[in-house]
Amino acid sequence: RKESSAASDVYKRQGADGVAAVRSRAHWDHTVPDRLRRCGTLLLVLAPWPGLEAGARAPPLGVPAPLRRAHCLAEVGTALDCGCIVRPLLAPAAAAALAPRLRTQLAEIGTQLAAIALDATWLLPAADNAHIVNAIGERSGGARALGAAVQDALHSWLVAMGRAALAQSSSDLELMAQLAQLLALPRVVDVRPCAPRAPAAADPERATVRRRWRFDGDEGDDGARAPDGVALAEAETLLRRALAGRETMDALHADTLNLVHELGCVLEARGELEEAEQLLKRAVDGREAALGDTHAHTLASVRALARLTAKLDDGEEAQAMYRRALAGFEHALGLTHGTTLSTCVEFALLLRSEGDSSDAEAMLRRAAAGYEHALGDAHLTTLRALERLGEQVEDEDEPDEAIALYTRALDGYARLLGPAHARCARVAERLGAMLDAAGAHEEAEQVRAGVHATPADARGAQELGGAPRVQRAASGSHLL
């Protein structure tokens with residue numbers, strides 16, 4: 001409307017000297033939400049989008065600028081809180097440039113749109129950036145919950161584009177496979193902290209973690225959210241159609257074997273283990289013949305088959321396959337590659353279930369050290385590895401080390417997820433029980449109370465250096 005057009009830019013306001021003026025906290029807390037409620041819809045314009053203008057044969061796309069700016073993501077969060085519809089949008093020229101990429105890069109684009117970062121921006125004064133970051137931290141679930149909400153909106157939009165493209169070309173086998181992969185991919189929430197105009201640090205596991213099939217729970221070690229049953233059912237249908245078409249051309253072609261592998265993983269996720277086993281064995285045999293025993297794709301199928309074999313209670317065979325996959329990944333990818341380390345964790349969990357505590361502990365120590373080296377000690381995957389190692393050494397009656405490991409994990413979870421997150425509650429309960437057993441009842445209560453902290457308490461804890469700390473236990477355990 002004409003009368004509101006002068007105020008349509010709620011972020012940047014320049015004074016007479018041309019310098020952006022600082023907005024009050026009331027502006028962000030009341031004015032912006034009021035305008036969003038009156039509008040009812042937020043258009044998330046994905047521009048500029050690096051690489052999109054280069055055409056269909058260009059290298060992979062970068063990350064759209066709005067997904068790297070804290071103020072853009074904060075507005076999306078406010079819109080969601082106000083009950084607004086969030087609609088991703090491309091200009092006609094950008095949409096035309098994206099269309100030819102969908103056929104071969106749809107799933108890859110989906111992973112790119114998940115690369116969310118809360119970076120400060122030069123568009124705003126430092127005080128406004130501080131207001132925005134604080135507001136994000138006060139949201140229920142903090143930055144990760146906001147990132148998940150943005151991801152869901154982008155994922156739905158991209159799936160709709162893939163479905164529309166497939167409706168226009170219903171026999172396009174490659175597009176079918178791409179859409180199926182997009183539907184079945186776990187979505188990893190990897191929201192980086194605010195850092196003024198600092199480039200995002202390289203994440204060695206980013207490419208592999210998002211491409212790894214994981215259906216062992218609602219949330220994986222790295223925070224990946226598994227696709228729901230409806231999405232998996234649609235993915236299965238598309239993969240079956242694509243595979244049927246490919247088999248008529250060449251049953252041993254690499255693209256055919258990729259579909260066999262992916263369909264086997266989806267069927268495993270849906271509980272159809274017998275057919276999944278047949279398909280994964282076929283993928284292993286076919287990839288061995290076509291690519292060789294040590295190719296990364298062959299090893300990926302071996303690992304998937306090992307995981308399935310473990311579910312079928314054939315522990316000895318599963319161990320042999322895990323050893324083969326792990327040795328192959330070490331040689332092909334390196335000792336600290338994300339795929340190598342996550343294979344270590346899976347193998348360790350199998351060994352633990354089989355009663356081989358010594359080898360399980362060695363694998364978990366290796367994984368924790370590798371993740372800490374590759375991703376840092378504050379990464380969610382590192383923290384989960386420390387928690388798992390704590391569980392292992394607790395079972396082996398090493399309370400001092402278990403307490404130290406649980407404390408590190410709890411401190412990191414509280415920083416990343418907030419003290420009220422389920423992961424914090426889980427670790428705090430185990431840590432509290434160990435402190436009680438050591439006679440440190442007061443410290444145990446402090447730990448348990450910390451997981452019920454309010455957002456303000458959480459900010460205070462972060463300013464003081466993380467989760468609430470307790471004194472040395474009476475038994476002489478590590479300082480928490």
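What you see is a predicted model; the values in this text were computed from it and never measured.
Between Gly412 and Leu383, the closest heavy-atom pair is C-CD1, 3.4 Å. Here the closest non-hydrogen pair linking Ala310 and Leu350 is CB-CD1, 3.9 Å. Nearest heavy-atom pair, Leu308 versus Glu268, reported as atom, atom and distance to 0.1 Å: CD1-CG, 4.0 Å. Residue Gln178 comes nearest to Ala107 through the heavy atom pair OE1-N, 3.0 Å, listed as atom of the first residue, atom of the second, then distance. The minimum heavy-atom distance linking Thr336 with Leu341 is given by the pair O-CD1, 3.6 Å. The minimum heavy-atom distance linking Leu52 with Ala97 is given by the pair O-CB, 3.3 Å.
Looking at residues two or more places apart in sequence or on another chain, you find a ring pair (Phe, Tyr, Trp, His ring centres under 6.0 Å) between Phe347 and Tyr322. Residues meeting the salt bridge (charged side-chain N to carboxylate O under 4.0 Å, His left out) test with Arg103, sequence neighbours left out: Asp172, Glu174. Residues satisfying the salt bridge (charged side-chain N to carboxylate O under 4.0 Å, His left out) test with Glu277, not counting sequence neighbours, are Lys281. Under the side-chain hydrogen bond (donor to acceptor under 3.5 Å, both in side chains) criterion, Asp436 pairs with His441, Arg448, not counting sequence neighbours. Among residues two or more places apart in sequence or in another chain, the ring pair (Phe, Tyr, Trp, His ring centres under 6.0 Å) test is passed with His297 by His295.
Taking CG from Leu312 and CG from Leu305, the interatomic distance works out to 9.0 Å, rounded to the nearest 0.5 Å. Leu44 CG to Leu67 CG: the interatomic distance, rounded to the nearest 0.5 Å, is 6.5 Å. Taken from CG in Leu263 to NE2 in His261, the straight-line distance is 11.0 Å, to the nearest 0.5 Å. Here Leu435 contributes atom CG and Ile403 contributes atom CD1; the two are 5.0 Å apart, rounded to the nearest 0.5 Å. With rounding to the nearest 0.5 angstrom, the CG atom of Leu102 is 7.0 Å from the CG atom of Leu158. Between the CG atom in Leu386 and the NE2 atom in His379 there is a gap of 12.5 Å [rounded to 0.5 Å].
No side-chain heavy atom of Pro33 sits less than 4.5 Å from a side-chain heavy atom of Asp81. A 4.5 Å side-chain heavy-atom check between Leu154 and Leu46 finds at least one atom pair inside the cut-off. Considering only heavy atoms from C-beta on, Cys424 comes within 4.5 Å of Leu410 through its side chain. The closest side-chain heavy-atom distance from Leu113 to Trp49 is below 4.5 Å. The shortest side-chain heavy-atom distance between Gln181 and Leu106 does not fall under the 4.5 Å cut-off. The closest side-chain heavy-atom distance from Leu243 to Thr256 is below 4.5 Å. The side-chain heavy atoms of Leu61 and Leu98, taken from C-beta on, include a pair separated by under 4.5 Å. Within the 4.5 Å cutoff, no side-chain heavy atoms of Pro88 are placed close to those of Met161.
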Would you tabulate the side-chain donor-acceptor contacts of residues 230-242 under 3.5 Å, counting partners in other chains and residues two or more places apart, or write 'none'?
residue: Glu234; atom: OE1; partner: Arg163; partner atom: NH2; Å: 2.5
residue: Glu234; atom: OE2; partner: Arg163; partner atom: NE; Å: 3.0
residue: Glu236; atom: OE1; partner: Arg270; partner atom: NH1; Å: 2.5
residue: Glu236; atom: OE2; partner: Arg240; partner atom: NE; Å: 2.9
residue: Glu236; atom: OE2; partner: Arg240; partner atom: NH2; Å: 3.0
residue: Thr237; atom: OG1; partner: Ala233; partner atom: O; Å: 3.1
residue: Arg240; atom: NH1; partner: Glu275; partner atom: OE2; Å: 3.0
residue: Arg240; atom: NH2; partner: Glu275; partner atom: OE1; Å: 3.1
residue: Arg240; atom: NH2; partner: Glu275; partner atom: OE2; Å: 3.2
residue: Arg241; atom: NH2; partner: Ser170; partner atom: O; Å: 2.9

- Would Glu75 and His71 satisfy side-chain contact (heavy atoms from CB on, under 4.5 Å), going step by step from the backbone distance to the final call? CA-CA 6 Å; Glu75 185 178 359; His71 70 277; 6.0 Å; no
- Step by step, would you call Trp157 with Val86 a side-chain contact (heavy atoms from CB on, under 4.5 Å)? CA-CA 10 Å; Trp157 169 74; Val86 177; over 6 Å; no
- Derivation of the salt bridge (Lys or Arg N to Asp or Glu O under 4.0 Å) call for Glu391 and Arg384: CA-CA 11 Å; Glu391 294 169 357; Arg384 181 59 174 133; 3.7 Å; yes
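The backbone N or O of Glu108 sits less than 3.5 Å from a side-chain atom of Thr111, completing a donor-acceptor pair. With Ser342 contributing its side chain and Thr339 its backbone, the two residues share a donor-acceptor pair below 3.5 Å. Distance alone, capped at 3.5 Å, places no donor-acceptor pair between the Glu372 side chain and the Asp377 backbone.
No salt bridge links Arg423 with Glu387; every basic N to acidic carboxylate O contact stays at or beyond 4.0 Å.
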